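Heads up: the structure comes next, in structure tokens.
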2 protein chains.
Amino acid sequence: MADVAALAGVSSQTVSRVSMGLDNVRPETRRRVLTAMAELGYSANVAARALRYGSYGTLGVIAHRLARTGESRTVEAVVEAARAEGYTVTLVDVESPSSDDVTAAAARLSHQAIDGLVIIRAETATPDTLALPPGMPVVVSDSRFVGHHPAVGADQIDGARKATQHLLDLGHRTVHHVAGPADSGPAQMRADAWRAALTEAGRDVPDVLRGDWTAGTGYEIGRDLAPDPGVTAVFCANDETAAGVLRALHEAGRRVPDDVSVVGFDGIPLAEHLWPPLTTVVQDFSGIGRALVDLLLQQVRDGRALDDVHTLVPVELVVRASTGPAPRRHGT
Amino acid sequence: MADVAALAGVSSQTVSRVSMGLDNVRPETRRRVLTAMAELGYSANVAARALRYGSYGTLGVIAHRLARTGESRTVEAVVEAARAEGYTVTLVDVESPSSDDVTAAAARLSHQAIDGLVIIRAETATPDTLALPPGMPVVVSDSRFVGHHPAVGADQIDGARKATQHLLDLGHRTVHHVAGPADSGPAQMRADAWRAALTEAGRDVPDVLRGDWTAGTGYEIGRDLAPDPGVTAVFCANDETAAGVLRALHEAGRRVPDDVSVVGFDGIPLAEHLWPPLTTVVQDFSGIGRALVDLLLQQVRDGRALDDVHTLVPVELVVRASTGPAPRRHGT
DNA sequence: GGCACCGATGTTTACGTAAACATCAGCGGA
DNA sequence: TCCGCTGATGTTTACGTAAACATCGGTGCC
């Protein structure tokens with residue numbers, strides 16, 4: 001900056017004014033400064049600016065298993081929304097969603113230069129154990145922090161109800177559920193809503209089949225289910241799991257949807273191109289990302305904590321070829 | 001820091017020494033300072049430290065369409081590798097891979113606090129138009145920058161050759177190719193290698209079918225291909241595209257692999273659970289991520305540019321049920 | 001013509017940290 | 001006993017920026 005000032009024959013303060021776009025600089029002076037800046041390849045030092053202002057123009061994001069569908073799409077949306085607001089995003093991927101790891105990540109990040117923190121799917125973390133720097137604005141996505149930190153989540157319950165009801169409407173006597181891991185909040189909500197929908201309809205509630213979001217366990221569970229003629233409708237906690245179930249059904253020679261109907265959850269781009277195309281509950285990940293950034297920036301800018309805000313993002317059931325009428329039973 | 005010093009009854013310099021872990025502080029003094037730090041919830045201000053040192057402990061990453069398979073897995077690996085080296089990662093997602101957008105993103109990022117820059121799949125950008133701050137260390141992944149910036153890429157050529165050869169070995173007369181977008185370097189390399197493999201084997205080279213990495217165009221192209229009995233083997237530029245092709249073949253009633261064999265590229269987790277399970281060329285994304293960070297940190301730490309380093313990460317052909325012997329032709 | 005005011009620009013200072021240098025107490029050897 | 005050395009700690013300064021304040025030349029009005 002001093003070099004630029006010297007070259008342009010002005011004071012460093014004038015350079016600062018030009019670089020900040022203030023208008024109380026003579027056009028002629030401004031031009032000289034800009035020329036000097038270009039010539040020296042000058043650009044403002046962010047560290048100094050952050051030091052001066054106490055803010056960084058950066059949001060921290062903590063995600064678990066970033067490469068997973070929901071995570072990467074949410075992160076993409078957060079990055080996008082943050083950019084629109086003039087913020088960049090610093091990312092930390094935690095190995096496990098345990099509160100210890102999340103706390104450690106939060107600590108690492110808050111020692112970094114961030115103005116606020118987005119926690120994506122802090123599955124098992126409980127509020128008591130999440131130690132955050134005092135005054136650090138936080139939002140969480142899809143978690144159990146609801147009531148402790150502002151939160152944004154897709155309407156898991158509505159989605160799971162719609163999926164279950166869709167299958168019942170098609171004439172299936174009951175619906176089996178391949179759930180996500182027990183320590184996941186969203187998995188729990190989906191399972192609960194599935195159970196509630198069956199109970200309200202007065203149907204039998206089969207045991208929950210416990211998956212871990214991966215296609216691999218979906219496949220294994222599917223192989224157990226396939227020989228059972230009583231299984232005619234399966235609601236899977238996510239699309240990957242559903243893909244595994246579909247594969248197991250194909251291998252066992254059971255036709256989809258003639259013998260068994262399958263529904264997924266998430267709405268991954270590939271869902272439409274599985275075989276058969278998968279009926280699924282589509283989440284609006286980019287809406288979630290925008291809402292997260294929105295809620296976070298409200299706090300960052302007002303310097304005020306929003307404790308009990310909870311934004312619910314609607315979901316949509318998209319019906320495709322993987323679901324169909326229940327097969328006629330013998331003697332019916 | 002001043003508050004901590006006052007509370008502990010020492011100078012701020014002593015606080016600094018404790019916070020940096022230097023050992024020339026009496027244990028008793030250190031204890032007092034640590035107590036004061038804990039009491040006040042003190043943690044060092046990164047901006048000031050960065051200002052003092054001129055380095056930020058942060059790497060910038062520019063990605064296009066972050067939620068795509070290869071991108072998110074590479075980013076995850078970069079984040080992981082960077083963390084292992086004590087760096088955090090700041091992320092920018094560009095809307096298009098054009099050099100304009102990448103340049104703008106690089107400019108935005110270099111105004112941010114970063115020590116080095118990772119560009120993932122800068123598809124169309126050409127070196128001439130990529131204006132980077134002088135002295136900013138850079139690595140690129142899978143791009144045409146090879147020879148201008150240090151680069152890391154999967155061995156696209158070997159992978160595409162293996163895929164094509166695998167199909168020829170199964171007795172197929174030729175192999176059709178559903179390519180990625182024309183402006184993508186990796187797509188180009190895969191198409192070139194496919195063409196070379198066919199030519200060397202003395203086979204006909206069908207027209208390239210131009211996709212855009214999505215399952216949607218794979219499906220559309222698949223619908224065009226399905227009615228043609230001359231099409232018995234299809235090599236797709238990525239797994240998503242292959243999923244679309246599979247769907248189109250199923251809908252048209254062509255059996256896989258009995259009538260048509262299909263090969264993908266990338267090795268997404270879902271590939272194994274498509275129907276039928278997809279033969280594909282598996283890329284080692286986490287290896288790529290590690291190599292990128294490696295190459296970048298060499299430059300950051302030595303302050304020296306590595307101009308013509310090009311790390312090639314091996315790929316592996318994984319054969320599954322989507323490929324099989326060529327169907328017997330009439331009269332053979 | 002002189003004075004008050006305004007816009008353009010320069011000067012001083014503070015942000016929080018850590019290196020460099022200064023100081024000071026205590027200890028061992030001559 | 002005194003000197004010099006060593007280790008612990010304090011003081012000064014610089015990093016690059018921008019706010020706050022100071023200055024200076026010009027303009028308009030009485």
Side-chain angles (χ1 to χ4, degrees), chain A residues 1-37 39-58 86 88 110-115 133-136 303, chain B residues 1-37 39-58 86 108 110-115 133-136 303:
Chain A
M1 180 145 144
D3 298 343
V4 173
L7 180 57
V10 297
S11 76
S12 69
Q13 183 53 33
T14 300
V15 176
S16 167
R17 283 194 258 263
V18 170
S19 102
M20 298 185 67
L22 302 183
D23 55 356
N24 52 349
V25 177
R26 259 191 321 176
E28 153 64 12
T29 309
R30 172 186 309 278
R31 201 189 44 68
R32 274 216 321 281
V33 171
L34 288 175
T35 307
M37 280 172 141
E39 187 159 336
L40 297 176
Y42 166 87
S43 81
N45 177 310
V46 208
R49 203 168 268 189
L51 176 59
R52 193 72 184 69
Y53 279 133
S55 104
Y56 306 92
T58 298
T88 49
S110 53
H111 288 287
Q112 291 294 319
I114 62 170
D115 298 321
M136 172 70 71
Chain B
M1 178 144 147
D3 298 342
V4 173
L7 180 57
V10 298
S11 76
S12 69
Q13 182 52 35
T14 301
V15 176
S16 168
R17 282 195 257 262
V18 170
S19 101
M20 297 184 68
L22 302 184
D23 54 356
N24 52 349
V25 178
R26 256 193 322 175
E28 152 65 13
T29 309
R30 171 185 309 277
R31 202 189 44 70
R32 274 215 321 281
V33 171
L34 288 175
T35 307
M37 281 172 142
E39 188 159 336
L40 296 176
Y42 165 87
S43 82
N45 178 310
V46 207
R49 203 169 269 190
L51 176 58
R52 193 69 184 69
Y53 279 133
S55 106
Y56 305 93
T58 298
R108 269 173 37 79
S110 52
H111 289 288
Q112 289 295 320
I114 61 170
D115 297 321
M136 172 69 72

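Note on naming: letters A, B, ... go to the chains in the order of the sequence lines (proteins, then strands), and numbering restarts at 1 for each one. Just so you know, these numbers come straight off a predicted model, no measurement behind them.
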Its contact letters, B for base, S for sugar-phosphate only and - for none at protein heavy atoms under 4.0 Å, make nucleotides 14-20 of chain D read BBBBBBB
Once rounded to the nearest 0.5 Å, what's the spacing between atom CG of L22(A) and atom CD of Q13(A)?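 Taking CG in L22(A) and CD in Q13(A), the distance rounds to 8.5 Å.
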Within the structure provided, determine whether M1(A) and N45(A) are in side-chain contact (heavy-atom separation under 4.5 Å).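 Counting from C-beta outward, M1(A) and N45(A) never come under 4.5 Å.
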Any side-chain heavy atom of P27(B) sitting closer than 4.5 Å to one from R31(B)?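 They are not in contact (no side-chain heavy atoms under 4.5 Å apart), so the answer is no.
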Checking side-chain polar atoms at under 3.5 Å, does R49(A) have a donor or acceptor matched by the opposite partner on S19(A)?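 The criterion, which ignores hydrogens and geometry beyond distance, is satisfied for S19(A) and R49(A).
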Counting just side-chain N and O atoms, does T14(B) come under 4.0 Å of either OP1 or OP2 of dG10(D)?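 The answer is yes; a side-chain N or O of T14(B) sits under 4.0 Å from OP1 or OP2.
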For N24(A) and dA22(D), what is the distance between atoms CG and P respectively, to the nearest whole Å?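 Rounding to the nearest Å, CG of N24(A) and P of dA22(D) are 17 Å apart.
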Before giving the answer on side chain to side chain contact (heavy atoms under 4.5 Å, CB included), spell out for M136(A) and I114(A) the whole-Å C-alpha distance, their side-chain angles and the decisive distance to 0.1 Å. CA-CA 9 Å; M136(A) 172 70 71; I114(A) 62 170; 3.9 Å; yes
